[in-house]
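What follows is one structure encoded as structure tokens, with my remarks underneath.
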Amino acid sequence: MPLIVKLLAQRIALGLILLLLVSGLIFVGTMILPGDVAQSILGQSATPEALANLRAELGLNDPPLQRYIQWLGGAMTGDLGTALTSGADITESIAKRLSNTLFLAFWAAIIAVPLAIFLGLLAVRFKDRWPDKLISAVTLASISIPEFLIGYVLMYLIAVKLRWFPSVAMINDSMTLGDKLSAIALPVAVLTLVVLAHMMRMTRAAILNVMQSAYIETAELKGLNGFQVIFRHAFPNAIAPIVNVVMLNLAYLVVGVVVIEVVFVYPGMGQYLVDHVSKRDVPVVQACGLIFAAVYIGLNMVADIVAILSNPRLRHPK
Amino acid sequence: MSEPLLKVRGLKIGATVYPPGEKPHDIDIVHGVDFDVQKGKVLGLIGESGAGKSTIGLASMAYGRGGVKITGGEVWVNGRDIMQSSIGDIRKLRGGEVTYVSQSAAASFNPAKKIIDQVVEAAVEQKKFSRKEAEDRARVLFEKLGLPDPQNIGDRFPHQVSGGQLQRCMTALALCPEPDLVVFDEPTTALDVTTQIDVLMAIKEAIRDTGVAALYITHDLAVVAQVSDDIMVLRHGNMVEYGPVDQIINHPQEEYTQALVSVRSIDHEEKAPNGDPVLSVRNITARYKGTQFDVLHNVNVDLYPGQTLAVVGESGSGKSTLARVITGLLPPREGEIEFAGRTLTPDLAGRSPEDLRELQMIYQMADVAMNPRQTVGTIIGRPLEFYFGMKGEEKRKRIIELLDEIELGEDFIDRYPAELSGGQKQRVCIARALAAKPKMIICDEVTSALDPLVADGILKLLLQLQKIEDVAFLFITHDLATVRAISDSIAVMYQGKVQRYGGKNQVLSPPFDDYTDLLLSSVPEMRLGWLEEVIANRKMESAGN
């Protein structure tokens with residue numbers, strides 16, 4: 001078997017094992033949380049008999065291992081159980097929320113990733129001159145200001161004063177794509193500002209590192225101009241670290257946007273999770289945790305795979 | 001005489017340096033040199049490291065490495081002063097009229113791109129040829145340079161060809177745009193001698209066939225004598241001597257040039273084996289962890305007290321691995337090491353302090369073998385404390401004695417490694433090894449990183465110290481001139497085996513085995529026409545077979 005196939009198979013197998021371990025961690029973690037679902041459903045005045053009955057009904061008395069295996073088996077077949085508090089099917093509710101979250105993350109990524117890489121290349125081309133310093137200053141400022149503050153400032157300026165986009169990012173199925181995009185314009189802008197700096201600075205650092213190589217001198221001595229040297233010769237050798245940081249930020253866009261969802265009243269995964277944590281609805285929390293873990297592990301796995309594929313020594317062995 | 005292709009007048013080059021703890025200031029690297037290169041002629045630039053030869057070569061492309069900048073003078077290429085040209089015009093010059101071949105093709109090829117893409121890039125970018133024409137040209141050049149499978153080798157990535165092949169690809173890269181001038185910057189220095197001769201011949205033929213002019217930069221006078229029409233000797237950024245190759249090699253005028261030509265002045269008589277060997281390597285077979293093949297096969301050598309055994313071979317021959325086995329860093333699969341009458345444990349961890357003391361080592365890179373934050377006194381004093389428990393005045397006295405032996409004065413005791421030259425650093429490393437009063441020292445390529453004259457001084461010192469201290473040297477090197485200079489016995493290694501072993505005179509006298517013959521005949525000799533002679537001989541031999 002070629003080395004590269006073996007390496008890729010290893011990465012994927014490792015990812016799956018990691019996901020399995022994390023699922024165990026999530027299960028144990030949610031079990032040792034303080035509080036009791038039956039109590040929170042029935043309230044303080046519930047009789048001990050009623051509590052015991054509800055616990056038995058919910059399967060809370062079964063041994064933990066049995067419950068874990070049942071839960072895991074269900075999750076693997078797409079059945080995440082029912083929410084304890086509302087009785088709604090979790091898979092169904094999550095599918096809707098997740099697609100909203102992915103919709104937001106997708107558009108934020110479409111803008112932020114190319115912009116960050118372009119700004120990184122620009123900063124390298126004009127290293128230590130004013131474009132580099134301006135890009136660094138602006139992106140650093142945007143990452144340093146809390147995201148909710150950026151959110152409210154943009155909302156005040158663009159939604160309230162200029163009235164270009166709505167301040168609330170409510171979307172539903174009956175809207176056209178254009179309406180949806182208009183609705184999420186502000187949260188996308190905020191998310192872009194939040195993730196831009198990290199990716200841009202990493203792109204800059206990775207390419208500057210490559211720019212020290214002797215083959216960059218070769219390229220310069222061929223009479224290529226600054227951008228040609230950076231695009232053709234430096235960038236292809238800096239892909240692995242750049243993809244790594246891009247994937248980390250994509251994962252953040254999926255799992256870390258609770259604050260933005262709350263600020264813009266966006267019906268995404270984050271809000272859904274926070275709601276159910278406060279209600280101690282363990283199956284929902286577990287399901288959200290599992291999906292977030294899968295997204296993180298999956299994206300990092302993609303980063304690893306791209307890094308392997310971008311290495312010519314592995315792609316074309318001797 | 002017609003207008004020269006490259007005319008350099010009063011060229012001054014400087015750089016800004018940032019020494020720690022001091023204000024940044026400008027220094028001069030080249031202090032005004034003049035020279036001409038006529039169309040189709042080769043000028044050799046020769047000098048030790050720091051002479052400014054690469055800097056001058058790159059200046060002909062208006063390029064300065066790092067903070068280096070041209071501070072004065074004129075550089076005329078094809079009748080145009082490039083110091084007065086716009087950056088756009090300079091870009092047209094680079095890769096179009098003037099091209100560059102670097103010392104390390106392995107580092108100078110982009111690992112992420114196919115060879116052919118990189119070879120044709122300049123020619124296409126400078127609109128000298130269409131992509132198709134350039135590729136055809138490249139394949140012709142690959143063939144001319146003796147590369148295997150010239151039609152398809154360009155489709156490989158740089159890591160898929162050998163170092164010598166890649167160096168030839170770099171030459172193709174430089175010749176592809178049909179330039180007027182090629183700057184060859186130490187193009188064969190990083191290669192093994194047997195590979196060097198092929199690349200050298202390929203470069204020479206390519207220069208002859210294409211009629212291109214060249215600046216050939218090297219520190220090796222014997223190499224430059226084979227390819228140049230004229231030679232300029234440089235030292236500390238000044239021109240020392242400049243003239244036709246025959247004059248420089250056969251009738252050098254300046255004292256410095258004479259020293260360069262006659263370097264390797266050591267005449268060392270072979271000593272006969274006496275008494276019991278201090279080191280006996282018995283049937284050693286070794287491989288690295290996790291690999292499937294042996295890098296040493298049944299190696300047997302002896303080293304006698306107060307003598308020097310040279311282990312010579314090319315990269316990958318297993319000579320450094322042998323040192324690792326002897327020092328216990330790599331326990332062998334089979335065989336044993338006898339040292340000073342006792343059998344050493346295979347693994348370093350099992351060896352007694354006495355074993356460690358009596359077997360010392362000196363390395364190729366003196367810089368990285370010393371702690372940059374310790375003074376010379378601390379570095380040399382450490383083994384004195386560690387092995388002999390010396391302290392205070394006693395230790396200081398011994399350190400000064402050792403400094404005296406390596407021909408450095410008492411005032412070096414408080415200096416830091418960064419304040420020493422390359423040769424001085426290596427001397428300190430020698431003193432550190434001697435401080436332990438060893439029976440034997442392993443010298444691993446100790447002169448390879450040094451300029452010839454400095455290396456010569458180190459070798460003389462080692463021979464002198466051998467007499468005083470009666471210490472044996474296991475001398476690992478790829479350089480046959482060094483071997484000739486200092487060894488009593490020689491082991492020639494090839495592909496992990498000892499190919500030829502015995503006293504110096506016996507090993508270096510015919511009849512030779514094929515490999516030793518190839519190795520010996522590949523060492524450049526400092527006379528005109530040597531390269532042609534060797535190539536002609538080899539062609540005759542292969543025709544005879």
Side-chain angles (χ1 to χ4, degrees), chain A residues 1-4 6-7 10 117 121 124-129 203 206-244 303 305-318, chain B residues 54 57-58 60-66 87-115 117-128 155-162 166 169-170 173-174 176-177 179 182-183 185:
Chain A
M1 186 163 52
L3 181 66
I4 192 156
K6 199 173 138 197
L7 277 173
Q10 263 176 3
I117 291 175
L121 295 174
V124 171
R125 174 66 184 83
F126 297 102
K127 185 184 164 239
D128 293 337
R129 311 219 316 250
T203 304
I207 292 181
L208 278 180
N209 191 24
V210 172
M211 292 294 277
Q212 307 291 324
S213 313
Y215 53 80
I216 296 301
E217 185 181 283
T218 309
E220 284 173 350
L221 291 177
K222 282 176 180 171
L224 304 186
N225 67 38
F227 271 117
Q228 286 172 325
V229 171
I230 294 170
F231 270 116
R232 285 193 210 162
H233 290 277
F235 187 63
N237 289 289
I239 286 176
I242 293 174
V243 168
N244 234 312
I305 290 172
V306 171
I308 292 171
L309 290 178
S310 76
N311 184 341
R313 284 170 192 278
L314 295 174
R315 228 174 336 127
H316 305 275
K318 278 193 179 183
Chain B
S54 289
L58 288 168
S60 67
M61 306 175 80
Y63 187 85
R65 235 175 227 158
I87 182 69
D89 284 343
I90 287 173
R91 285 208 183 105
K92 282 195 200 101
L93 169 102
R94 293 177 185 165
E97 289 165 66
V98 187
T99 56
Y100 182 73
V101 178
S102 76
Q103 172 170 359
S104 169
S108 296
F109 268 95
N110 190 332
K113 297 173 81 100
K114 284 182 184 171
I115 290 170
D117 292 338
Q118 306 190 49
V119 169
V120 301
E121 187 174 18
V124 175
E125 194 58 45
Q126 303 292 350
K127 306 210 166 49
K128 287 249 189 163
D155 294 328
R156 299 199 207 163
F157 282 83
H159 69 271
Q160 293 174 308
V161 304
S162 74
L166 205 54
C169 291
M170 183 103 206
L173 185 154
C176 190
V182 182
V183 179
D185 192 353

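Each chain gets a letter, A, B and so on, in the order its sequence line appears, and its residues count up from 1. Just so it is clear, the structure is predicted and the values come from calculations on it, not from any experiment.
Interatomic distance, CG of A/L224 versus CD of B/Q126, reported as 8.0 Å (0.5 Å rounding).
Residue with the most contacts toward chain A among B/H159, B/R94, B/Q160: B/H159 (heavy-atom pairs, distance under 4.5 Å). Considering only heavy-atom pairs separated by less than 4.5 Å from chain A, the leading option among B/A106, B/S104, B/A112, B/S108 is B/S108.
Shown here are the side chain to side chain contact (heavy atoms under 4.5 Å, CB included) partners of A/F227, two or more places apart in sequence or in another chain: A/L122, A/R125, A/F126, A/N225, A/F231. With sequence neighbours excluded, the residues forming a salt bridge (Lys or Arg N to Asp or Glu O under 4.0 Å) with B/E121 are A/K222, A/R232, listed by chain and number. Considering only residues two or more places apart in sequence or on other chains, A/H316 meets the ring pair (Phe, Tyr, Trp, His ring centres under 6.0 Å) condition with B/F157.
Contacts between B/L93 and chain A at a heavy-atom distance below 4.5 Å are absent for every atom of the residue. Both the backbone and the side chain of A/E220 come within contact range of chain B, each with at least one heavy atom under 4.5 Å from a heavy atom of that chain. Only the side chain of B/R65 comes within less than 4.5 Å of a heavy atom of chain A; its backbone N, CA, C and O stay farther away. Looking at B/I90, neither its backbone nor its side chain comes within 4.5 Å of chain A, counting heavy atoms on both sides.
Within residues 235-242 of chain A, the residues approaching chain B closer than 4.5 Å by heavy atoms are, in numerical order, A/P236, A/N237.
In this structure the side chain of B/N110 never reaches within 4.5 angstrom of the side chain of A/T218, judged on heavy atoms. Using a 4.5 Å heavy-atom cutoff, the side chains of B/K113 and A/Y215 are not in contact.
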